[in-house]
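Every value quoted in this text rests on a predicted model; they were computed, and no experiment measured them. Each chain gets a letter, A, B and so on, in the order the sequences are listed, and its residues count up from 1.
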2 protein chains.
Amino acid sequence: MPGFATDQLLQGLSVDCVIFGFHQNELKVLLLKLKQLDMWALPGGFVGVTEDVDQAATRVLSERTGLEDIFLQQFFLFGDASRHRAGHGARLAELGAIPAEWADWLDRRFVTLGYYALVEYSRVKAPKPDQTSESCEWCALNALPKLMLDHSEILTKAHDTLKKHLNDQPIGLNLLPAQFTMPELQALYETVLGTTLDRRNFQRKMLGYGILNRTGKRMTGAPHKAPWLYEFDEEKYRLALQAGLNTGW
Amino acid sequence: MPGFATDQLLQGLSVDCVIFGFHQNELKVLLLKLKQLDMWALPGGFVGVTEDVDQAATRVLSERTGLEDIFLQQFFLFGDASRHRAGHGARLAELGAIPAEWADWLDRRFVTLGYYALVEYSRVKAPKPDQTSESCEWCALNALPKLMLDHSEILTKAHDTLKKHLNDQPIGLNLLPAQFTMPELQALYETVLGTTLDRRNFQRKMLGYGILNRTGKRMTGAPHKAPWLYEFDEEKYRLALQAGLNTGW
DNA sequence: ACAAAAGTGTTATTTCTACACCCATGC
DNA sequence: GCATGGGTGTAGAAATAACACTTTTGT
């Protein structure tokens, strides 16, 4: 991390990451609890002067989750002039979260680039808070706490984008364990979309994409027929990400 | 326009507009010919300190084309650290296009937000060059001149995005005259997509979206049956833009 | 034995695709 | 009258939606 030496950072530009995880049939987002404030924030950061913006987002993701090589994609630049952190820097300085000389820098106008990431819930052992926050936790999407600034809007837009992308992109790699059952994959889709889907039609459609391999193993332990375990064919998965699934025209 | 007083602009952030027009069955883009350089550029600009980023893009569009209320949409932030205008400011200063004191400001690293716009070709009477360029012209997409920096990449990405958006968004309003024939609309689609489409199936599909009104008038003058004139139902068009056309899941 | 949940298959419906035929207009 | 290109309809194929029966497993 380039640290917090403001002269080593691009001014007025931040990145904020909406990090989605999937656990117990719920879509969750990784949020930071701000120090001594009853408010939460998306994990975010600034961009080093010699750092690609994508790199900065990757770094933020890795700092909070410890994960590398994760699906991460920019989805929108929030650039309204009204977007500023009036008093936020000063407040953080008061709380001792940052040195006083950073307060001014932080209080200027910022535009922020939103990224969304899909990560496997169980691989994130102990999410780490940053210096301005006291904890970093998974929050269920349907029971979100109060978020700072326009972070609710960013989060909503990330979710909307994800739903839209589901129409021509596969989802699941990095969000599910390496091996998973068809019902689990379906539950993921249903959760993201907020609907229910027909079991059999879902399976047919999904297999039709040709990005799944049946491992030959089954998931045992439940009092019913053991479902097959699948895994993604990563090569084909990546191709599908690029080319899109439903060609449309 | 906030002018070019660098202290009134956000540092390190620019907007570049890919302005598409449609004329003689060709997709065209509005480009600027740089002064005394055999190179072209996308119309772009900087963001005033109290200006929304969207506003800045709208302003650039309006400055070059004179048009207001046009479909304009951000599609990507180009944020690689390697994106800088090394020597570009100095060169412009030498040419007298800008005052010397701006050269340094311009030569720093910039990230640029790409917008694409769809405008009606015939409504742009005399596109106006900015102060660093000697002319502003429509260029056919399949015969592009050499572009400055990564502007080719930006343009390509804009076109790709447009093609993708065609799968769930209508297109045509602001790109065609207020009244147009079905074959004209089809030609637009074919041009954007770079394919040919079946006349009858296209018509059925398009009418199925329910965003067109048949005016009752016909387009006469050609040596064949006169085609109907249609216009967009703007209300429904806008709804379709928001909700998407092919629901997918 | 039973409940729960997965596997698989079938049919009806809708949508998409690929065509063919007729109609108006200017030369 | 004829070439050009638009208007409309229709049969076959394909994709989607709706639904039923069988199988496996833990209790």
Next on the checklist: Give me each pair satisfying side-chain hydrogen bond (donor to acceptor under 3.5 Å, both in side chains) with a member in residues 117-129 of chain B, each pair once, sequence neighbours excluded.
Outcome noted: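 Residue pairs passing side-chain hydrogen bond (donor to acceptor under 3.5 Å, both in side chains), neighbours aside: Glu120(B)-Ser122(B).
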
Item to check | Residue pairs involving residues 13-31 of chain B (criterion side-chain hydrogen bond (donor to acceptor under 3.5 Å, both in side chains); sequence neighbours excluded) | outcome: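 Qualifying pairs: Ser14(B)-Thr112(B), Asp16(B)-Thr112(B).
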
Item to check | Non-neighbouring partners of Phe180(B) that pass ring-ring contact (aromatic ring centres under 6.0 Å, His included), sequence neighbours left out | outcome: Phe232(B)

Next on the checklist: Tyr189(A): which residues meet the ring-ring contact (aromatic ring centres under 6.0 Å, His included) condition with it, sequence neighbours left out?
Outcome noted: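 Partners of Tyr189(A) by the ring-ring contact (aromatic ring centres under 6.0 Å, His included) criterion, ordered by chain and then number, come out as Phe202(A), Trp249(B).
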
Checklist outcome for this item: Quick note, salt bridge (charged side-chain N to carboxylate O under 4.0 Å, His left out) partners involving residues 143-152 of chain B, not counting sequence neighbours, are Arg83(B)-Asp150(B)

Checklist entry - Which distance, rounded to the nearest 0.5 Å, do you find between the OG1 of Thr65(A) and the CD1 of Ile70(A)? => result 6.5 Å

Checklist outcome for this item: Distance col, row Leu185(B):CG vs Glu190(B):CD, nearest 0.5 angstrom, shows 10.0 Å

Between [X] ([atom1]) and [N] ([atom2]), how many Å, whole number?
| X | N | atom1 | atom2 | answer |
| --- | --- | --- | --- | --- |
| Trp228(B) | dG5(D) | CH2 | C1' | 16 Å |
| Gln203(B) | dT17(C) | CD | P | 16 Å |
| Leu207(B) | dT15(C) | CG | C1' | 16 Å |
| Glu184(B) | dG5(D) | CD | C1' | 13 Å |
| Met182(B) | dT8(D) | CE | P | 9 Å |
| Tyr209(A) | dA15(D) | OH | P | 12 Å |

Next on the checklist: Tell me which residues in residues 212-225 of chain B lie within less than 4.0 Å of DNA chain D, going by non-hydrogen atoms.
Outcome noted: Arg214(B), Pro223(B), His224(B), Lys225(B)

Donor-acceptor contacts under 3.5 Å from residues 133-141 of chain B side chains, at least two apart:
residue   : atom : partner   : partner atom : Å
Ser133(B) : OG   : Asp130(B) : N            : 3.2
Ser133(B) : OG   : Asp130(B) : O            : 3.4
Ser133(B) : OG   : Asp130(B) : OD1          : 2.5
Glu134(B) : OE1  : Gln36(B)  : N            : 3.4
Ser135(B) : OG   : Glu137(B) : OE2          : 3.2

Next on the checklist: Under the rule for side-chain contact (heavy atoms from CB on, under 4.5 Å), what residues qualify as partners of Asn246(B), not counting sequence neighbours?
Outcome noted: Tyr209(B)

Checklist entry - Which residues pass the side-chain hydrogen bond (donor to acceptor under 3.5 Å, both in side chains) test with Gln203(B), sequence neighbours left out? => result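 With neighbours one apart ignored, the set is empty.
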
Item to check | Contacts of type side-chain hydrogen bond (donor to acceptor under 3.5 Å, both in side chains), residue Gln179(A), not counting sequence neighbours | outcome: Lys217(A), Glu231(A)

Checklist entry - With distance as the sole criterion, do the side chain of Arg199(B) and the base of dG5(D) form a donor-acceptor contact below 3.5 Å? => result no

Which atoms of nucleotides 9-14 of chain D (N or O only) lie under 3.5 Å from a protein N or O atom, and what are those distances?
residue : atom : partner   : partner atom : Å
dT10(D) : O4   : Arg204(B) : NH2          : 3.2

Checklist entry - By a strict heavy-atom criterion of less than 4.0 Å, which residues belonging to residues 185-193 of chain B are in contact with DNA chain C? => result none

